[in-house]
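To start, the structure under review is shown below, and the notes come after it.
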Amino acid sequence: METKLCPKYSTAFELLGKRWVGMIIKVLFEGTCRFKDLHGNIPNISQKVLTERLKELEEHGIVSREVLDEKPVKVLYSLTNKGKELEPVMQAVQTWAVKWVK
């Protein structure tokens with residue numbers, strides 16, 4: 001039996017399944033963060049990869065980037081409404097992981 005996967009399902013997992021994406025979103029559920037705070041809360045992620053993932057999430061409308069005109073310039077990251085709607089999905093993964101991941 002051949003099952004056809006929905007292209008939207010496939011696209012969603014291609015994005016959300018990338019390494020570090022779930023961790024970035026999880027940290028942003030706590031609220032708006034500066035880059036250094038995100039980097040400090042996600043062990044072992046490089047600044048380069050964090051920058052790449054944030055850009056991807058911003059391009060997909062999941063993360064918002066706000067530049068404050070201060071000295072020094074301050075950049076804040078937060079979840080958009082689209083990103084916030086991932087919370088029950090991520091919580092379901094957490095529940096599954098607690099039960100099944102050793």
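In what follows, residues are counted from 1 in the order of the sequence shown.
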Response to the item:
Residue pairs passing the side chain to side chain donor-acceptor pair (under 3.5 Å) test with at least one member in residues 22-34, sequence neighbours excluded, are none
Discussion item. Suppose we screen for side-chain contact (heavy atoms from CB on, under 4.5 Å). Which residues come up paired with Leu54, at least two apart in sequence or across chains?
Written reply: Ile24, Phe35, Leu38, Leu50, Val63, Tyr77
Worksheet item: Are the side chain of Asn41 and the backbone of Asp37 linked by a donor-acceptor contact shorter than 3.5 Å?
Response: yes
Discussion item. Distance check, rounded to the nearest 0.5 Å: Thr80 atom OG1 versus Lys84 atom NZ?
Written reply: 8.0 Å
Discussion item. If the condition is ring pair (Phe, Tyr, Trp, His ring centres under 6.0 Å), which residues does Phe13 pass it with, not counting sequence neighbours?
Written reply: Tyr9
Worksheet item: Can Ile42 be reached from Leu16 by stepping across I, L, V, M, F, W or Y side chains whose heavy atoms are under 4.5 Å apart?
Response: yes
Fill in: Common cluster, Leu28/Val67, ILVMFWY with side-chain heavy-atom separation under 4.5 Å
yes
Worksheet item: Taking Leu79 as the fixed residue, which of Leu57, Leu86, Ile62 is the one that meets the side chain to side chain contact (heavy atoms under 4.5 Å, CB included) rule?
Response: Ile62
Under 3.5 Å, side-chain donor or acceptor atoms of residues 87-102 against the rest of the protein: list the pairs with distances, not counting sequence neighbours.
| from | atom 1 | to | atom 2 | distance (Å) |
| --- | --- | --- | --- | --- |
| Thr95 | OG1 | Gln91 | O | 3.0 |

Worksheet entry | Ser46: side-chain hydrogen bond (donor to acceptor under 3.5 Å, both in side chains) partners, not counting sequence neighbours | none
Worksheet item: What heavy-atom pair brings Cys33 and Val27 nearest, and what distance separates the two atoms?
Response: SG-CG1, 4.0 Å
Item to complete: Could you name each residue pair satisfying salt bridge (charged side-chain N to carboxylate O under 4.0 Å, His left out) that touches residues 51-69, not counting sequence neighbours?
Response: Lys18-Glu56, Lys48-Glu52, Arg53-Glu56
